[in-house]
Engineer: 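Below you will find the structure I want to go over with you.
Since we're looking at a predicted model, the values are computed, not measured.
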Amino acid sequence: MKYLKFTLALPIITLFLSCSSDSGTDNTPPTPTPQSKIEVTLSTSATLGTYLSDKSGRTLYFFSTDANGQSSCTGGCEALWPAFFVDNLTADKLSTGLTLTDFATITTPSGKKQLTFKGWPLYYYAPISEGGAYGSSGTNTIEEAGKTNGDGFGGVWFVAKPDYSIMIVKSQLVGHDTNHYKSDYTVGDGLTTYFTDGKGLTLYTFKNDSFEKNNFTKADFSNNGVWPIYETDKIVVPSILDKTKFKVITVFGKSQLTYNGWPLYYFGQDASVRGSNKGISFPSPGIWPVPVKDILPAI
């Protein structure tokens with residue numbers, strides 16, 4: 001009986017030793033989680049709302065003269081507004097709320113790679129530094145994370161918001177008749193600053209409309225293909241514009257954005273061509289002018 005009791009105790013001792021060994025394994029520190037791969041994220045400002053920034057929180061910007069989707073920042077401009085680029089951007093390198101298909105890569109006139117968002121080339125703002133974290137005195141240094149001092153610069157630089165319903169471009173007007181037009185719709189060269197949608201597609205007003213009243217579109221929308229209404233109920237605009245001047249009206253059951261009482265439209269022949277503004281001379285100059293910041297209110 002004593003021999004039997006001894007043999008039965010052996011597995012119990014073995015089991016105890018085995019459990020002690022397992023317990024030691026459980027106490028091994030877990031493998032550290034890999035550092036985040038995020039390269040482009042969304043930041044928030046109390047005054048500007050949500051905008052794009054790099055992985056360090058440094059603000060990204062749009063430039064109004066990039067109407068056609070290509071970088072127009074050359075020469076000395078490049079030092080003050082360095083191009084932003086991320087190689088091999090993938091979906092897992094983007095913050096929640098951003099979509100990979102909204103990004104693309106272009107080559108700048110100086111041969112550098114640059115990332116674009118919804119067709120807009122992306123930039124940093126790098127003013128002359130007087131010393132600090134990003135450089136020594138007298139050098140251009142990218143502004144610190146969370147800073148948005150480049151917004152509104154010259155009336156043509158704005159934080160890169162993900163959801164603008166209105167953007168400002170500065171471009172030459174080239175009519176349907178191929179003539180170049182100045183801002184007063186006389187033939188000639190000169191840049192005009194006007195509104196597009198968030199993807200850079202030109203918007204127009206109709207001189208025969210009245211205050212908050214679309215006098216062009218037919219109830220069955222049979223002529224909407226010629227001058228499609230700008231159909232949106234979102235009002236997200238650059239900081240230099242007065243948001244209260246934008247309204248949404250209802251046109252036969254659809255929402256149309258207005259500015260200073262003027263309903264906004266696309267031109268069918270350039271509604272899918274970024275930077276095109278052919279509608280300014282169709283059917284003749286001045287009938288369908290582009291909307292500008294200081295346009296007089298409709299009556």
Engineer: Between T148 and Y51, does the side chain to side chain contact (heavy atoms under 4.5 Å, CB included) criterion hold? Intermediate values first, please.
Structural biologist: CA-CA 10 Å; T148 56; Y51 58 89; 3.7 Å; yes
Engineer: Does Y266 have its ring centroid less than 6.0 Å away from the ring centroid of Y230?
Structural biologist: yes
Engineer: In this structure, are over 12 heavy atoms from other groups packed under 6.0 Å from K278 atom NZ?
Structural biologist: no
Engineer: Report yes if some heavy atom in the side chain of D220 is under 4.5 Å from a heavy atom in the side chain of F252; otherwise report no.
Structural biologist: no
Engineer: Under a 4.5 Å side-chain heavy-atom rule over Ile, Leu, Val, Met, Phe, Trp and Tyr, are I249 and F221 clustered together?
Structural biologist: yes
Engineer: Hey, could you give me the NE2/CD1 distance between H176 and I280, rounded to the nearest 0.5 Å?
Structural biologist: 11.0 Å
Engineer: Does a side-chain heavy-atom distance below 4.5 Å link V174 with N179?
Structural biologist: no
Engineer: In the structure I gave you, are the side-chain heavy atoms of F62 and Y164 within less than 4.5 Å of one another anywhere?
Structural biologist: yes
Engineer: Using modelled atom types only, decide if a donor and an acceptor are shared between the side chain of K199 and the backbone of R274 within a distance under 3.5 Å.
Structural biologist: no
Engineer: Using a 6.0 Å cut-off, check whether atom NZ of K93 has over 12 heavy atoms from anything other than its own residue.
Structural biologist: yes
Engineer: Report whether Y124 and F103 are members of the same hydrophobic cluster (ILVMFWY, side-chain heavy atoms less than 4.5 Å apart, transitive linking).
Structural biologist: yes
Engineer: Measure the OH-OH distance between Y265 and Y204 for me, rounded to the nearest 0.5 Å.
Structural biologist: 14.0 Å
Engineer: Kindly say whether V159 contributes a backbone atom to a donor-acceptor pair with the side chain of D151 at under 3.5 angstrom?
Structural biologist: yes
Engineer: Going hydrophobic residue to hydrophobic residue with side-chain gaps under 4.5 angstrom, can you get from L100 over to L60?
Structural biologist: yes
Engineer: Run the side chain to side chain contact (heavy atoms under 4.5 Å, CB included) test on L89 and L115 for me, step by step, so that the C-alpha distance in whole Å, both residues' side-chain angles and the decisive distance to 0.1 Å come before the verdict.
Structural biologist: CA-CA 9 Å; L89 188 67; L115 207 65; 3.9 Å; yes
Engineer: Students often mix this up, so state it plainly: with edges at 30° and 60°, are the rings of F267 and W227 parallel, tilted or perpendicular?
Structural biologist: tilted
Engineer: Going by atom types only, do Q172 and T192 share a side-chain donor-acceptor pair under 3.5 Å?
Structural biologist: no
Engineer: Checking S45 against T47: is there a side-chain donor and acceptor pair closer than 3.5 Å?
Structural biologist: yes
Engineer: What's the separation between atom NZ in K37 and atom CG in D92, rounded to the nearest 0.5 Å?
Structural biologist: 5.0 Å
Engineer: Output yes when a side-chain donor or acceptor of S64 lies under 3.5 Å from a complementary backbone atom of V156, and no otherwise.
Structural biologist: yes
Engineer: Ring centres of F84 and Y123 under 6.0 Å apart?
Structural biologist: no
Engineer: Are the side chain of S165 and the backbone N or O of K234 linked by a donor-acceptor pair below 3.5 Å?
Structural biologist: yes
Engineer: So, do F153 and L80 sit near enough that their side-chain heavy atoms are less than 4.5 Å apart?
Structural biologist: yes
Engineer: For residues Y125 and T59, determine if any side-chain heavy atom of one lies less than 4.5 Å from a side-chain heavy atom of the other.
Structural biologist: no
Engineer: Could you see if L191 belongs to whatever hydrophobic cluster contains I295? Use Ile, Leu, Val, Met, Phe, Trp, Tyr and a side-chain cutoff under 4.5 Å.
Structural biologist: no
Engineer: Please confirm whether the backbone N or O of D233 pairs with a side-chain atom of S255, one donor and one acceptor, at under 3.5 Å?
Structural biologist: no
Engineer: Got V169 and T65 here, is their nearest side-chain heavy-atom distance under 4.5 Å?
Structural biologist: no
Engineer: Please confirm whether the ring centroid of W262 lies under 6.0 Å from the ring centroid of F206.
Structural biologist: no
Engineer: Aromatic contact between W81 and F63, with the criterion being ring centroids under 6.0 Å apart: yes or no?
Structural biologist: no
Engineer: Can the ring centroids of F246 and Y259 be said to lie less than 6.0 angstrom from one another?
Structural biologist: yes
Engineer: Do the side chains of F282 and Y185 join up, straight or via other hydrophobic residues, at under 4.5 Å, putting them in one cluster?
Structural biologist: yes
Engineer: With side chain to side chain contact (heavy atoms under 4.5 Å, CB included) as the criterion, how do L98 and L42 come out once you've worked through the C-alpha distance, each side chain's angles and the decisive distance to 0.1 Å?
Structural biologist: CA-CA 8 Å; L98 295 174; L42 293 172; 3.8 Å; yes
Engineer: Go through the steps to decide whether T41 and D54 satisfy the test side chain to side chain contact (heavy atoms under 4.5 Å, CB included), and finish with yes or no.
Structural biologist: CA-CA 6 Å; T41 188; D54 73 0; over 6 Å; no
Engineer: Under 3.5 Å, is there a donor-acceptor pair between the side chain of T205 and the main chain of L264?
Structural biologist: no
Engineer: Does the side chain of I128 come within less than 4.5 Å of T139's, by heavy atoms?
Structural biologist: no
Engineer: Okay, side chain of N214, backbone of T217: is any donor-acceptor separation there less than 3.5 Å?
Structural biologist: yes
Engineer: If we ignore hydrogens and angles and just use 3.5 Å, is the side chain of D197 paired with the main-chain N or O of I166 as donor and acceptor?
Structural biologist: no
Engineer: Looking at V237, is its backbone amide N or carbonyl O close enough to the side chain of K161 to form a donor-acceptor pair, meaning the two atoms are under 3.5 Å apart?
Structural biologist: no
